[in-house]
Novice: 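Here it is: the structure, laid out below.
Hydrogens, waters and symmetry mates play no part in the numbers below; they use all other heavy atoms, side chains included. In what follows, residues are counted from 1 in the order of the sequence shown.
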Amino acid sequence: MACPPTIYHDLDFGRLGRGELVNLFLKDAGLDFKHVLYPFDNAWPETSEKLRQSGLTRTGQLPALEYGGSVITQHIPILRYLSRDLGAYDGNTNWEKYLVDAVADIYIDWRSQWVANLKEVTEPYKKDYAPKYYDLLAQYYSDVDGPYLLGDTVTYADFAVYQSIDNDTRTGTIPATLPPALTKLVEAFEARPNISAYIELHRHAKA
């Protein structure tokens, strides 16, 4: 019996969308998938309702991934599911899995603040929250030689941290100087074979 095709449904937000994080993960893992993009325009509420009624997303929100005969939603849970299904990107020991989940949760907290400042950036976010967020992450990344959270092995949390750096850079809210441990992460991440060409192609594209 043939395996059902992998279909990734996402809003067309460019590299600022949370779905871009899953897109990068799928590319890095070498998974063959169809990418379906939906415009975020005046018709989106109607489209969202149709997607909800079809069973693709219970909340009416994207991203959603059709994978192995199941539908998976919410971008971080999608990454966790894929990591565990692939037996990679998640750490090997219970302690490593804890670290990966902990950093991913820090990213989730960051994203809620970043989204709240997307239309109009506040000084408290740019001058206080964002620098503290990256300083906190640097504490985790400085515990190992790097470049990734667990050393030489990339995890789904590294994708999330990279995405936050990329998003803050595009919205002009990145601190003037990133901690060295995070600079090392960015360099290693952008050199990964399956995603380096994609990142270079879109580096200067409008978000």
Novice: Report yes if the side chains of Asn167 and Gln163 come closer than 4.5 Å at any heavy-atom pair, otherwise no.
Specialist: yes
Novice: Do Tyr8 and Pro63 come close enough that some side-chain heavy atom pair is under 4.5 Å?
Specialist: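 Contact flag for Tyr8/Pro63 side chains = yes.
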Novice: Would you mind listing every ring-ring contact (aromatic ring centres under 6.0 Å, His included) that reaches into residues 165-196, with sequence neighbours excluded?
Specialist: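 Counting only pairs at least two positions apart or across chains, the ring-ring contact (aromatic ring centres under 6.0 Å, His included) contacts touching residues 165-196 are Phe159-Phe189, Tyr162-Phe189.
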Novice: Would you call Glu49-Arg52 a salt bridge at under 4.0 Å N-O?
Specialist: yes
Novice: Using the side-chain contact (heavy atoms from CB on, under 4.5 Å) definition, which of the options Ile7, Leu26, Thr73 pairs with Leu65?
Specialist: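 Of all the options given, the one that passes is Leu26.
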Novice: Of all heavy-atom pairs between Ser83 and Asp90, which one has the smallest distance, and what is that distance?
Specialist: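 Scanning both residues completely, I find the closest heavy atoms to be CB-CB, 3.9 Å.
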Novice: Hey, could you give me the CG/OG distance between Leu182 and Ser164, rounded to the nearest 0.5 Å?
Specialist: 8.0 Å
Novice: Hydrogens and angles aside, do Tyr133 and Asp128 bring a side-chain donor and acceptor to less than 3.5 Å of each other?
Specialist: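 No - no donor-acceptor pair under 3.5 Å links their side chains.
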Novice: For the pair Trp110 and Trp114, name the ring-plane relationship: parallel under 30°, tilted 30 to 60°, perpendicular over 60°.
Specialist: parallel
Novice: Is it true that His75 and Phe25 have ring centroids separated by less than 6.0 Å?
Specialist: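 No, they do not, as the ring centres are separated by 6.0 Å or more.
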Novice: Just by distance, no angles: are the side chains of Tyr38 and Ser48 close enough, under 3.5 Å, to form a donor-acceptor pair?
Specialist: no
Novice: Please give me the minimum heavy-atom distance between Gly151 and Val144, naming the atom from each residue.
Specialist: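 Taking every non-hydrogen atom into account, N-CG2, 3.7 Å.
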Novice: For Ala181 and Ala138, which heavy atoms make the closest approach, and how far apart are they?
Specialist: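 Minimum heavy-atom separation between Ala181 and Ala138: CB-O, 4.4 Å.
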Novice: Following the transitive rule for hydrophobic clusters with a side-chain heavy-atom cut-off under 4.5 Å over Ile, Leu, Val, Met, Phe, Trp and Tyr, establish whether Ile174 and Tyr141 coincide in one cluster.
Specialist: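 Cluster IDs for Ile174 and Tyr141 match.
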Novice: Any sub-3.5 Å donor-acceptor pair from Lys184's side-chain atoms to Asp145's backbone N or O?
Specialist: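 Indeed, once roles are kept as given, a pair shorter than 3.5 Å links the two residues.
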Novice: Parallel, tilted or perpendicular, judged at 30° and 60°: which one describes the rings of Phe33 and His35?
Specialist: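 Plane angle between 30° and 60°, so tilted.
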Novice: Can you tell me if Glu20 and Asn23 form a side-chain donor-acceptor pair at under 3.5 Å?
Specialist: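 Present: a donor and an acceptor within the cut-off.
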Novice: Shortest non-hydrogen contact from Ala104 to Ile76?
Specialist: CB-CG2, 4.4 Å
Novice: Over all heavy atoms of both residues, which pair between Thr169 and Ile165 is shortest? Give the atoms and the distance, please.
Specialist: OG1-O, 2.7 Å
Novice: Check this for me, if you would: do Lys132 and Asp109 make a salt bridge, where the nitrogen-to-carboxylate-oxygen distance has to be below 4.0 angstrom?
Specialist: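 Asp109 and Lys132: not salt-bridged.
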Novice: Evaluate whether atom CD of Gln53 has more than 12 neighbouring non-hydrogen atoms of other residues, nucleotides or ligands under 6.0 angstrom away.
Specialist: yes
Novice: Using atom types as modelled and distance alone, determine if a side-chain donor or acceptor of Thr153 lies under 3.5 Å from a backbone N or O of Leu150.
Specialist: no
Novice: Kindly give the heavy-atom pair with the smallest separation between Asp152 and Pro147, and that separation in Å.
Specialist: OD1-CD, 4.0 Å
Novice: As an exercise, state the distance from CG of Leu136 to CD1 of Ile106, rounded to the nearest 0.5 Å.
Specialist: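 Reported value, rounded in 0.5 Å steps: 4.0 Å.
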Novice: In terms of side-chain geometry, is the basic nitrogen of Arg80 or Asp105 positioned less than 4.0 Å from the acidic oxygen of its partner?
Specialist: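 Answer for the salt bridge query: yes.
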Novice: Just by distance, do the side chain of Asn117 and the backbone of Thr122 share a donor-acceptor pair under 3.5 Å?
Specialist: yes
Novice: Regarding Tyr156 and Asp28, do their side chains bring together a donor and an acceptor under 3.5 Å, going by distance alone?
Specialist: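 There is no such pair between these side chains.
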Novice: Do the side chain of Asp158 and the main chain of Leu149 share a donor and acceptor less than 3.5 angstrom apart?
Specialist: yes
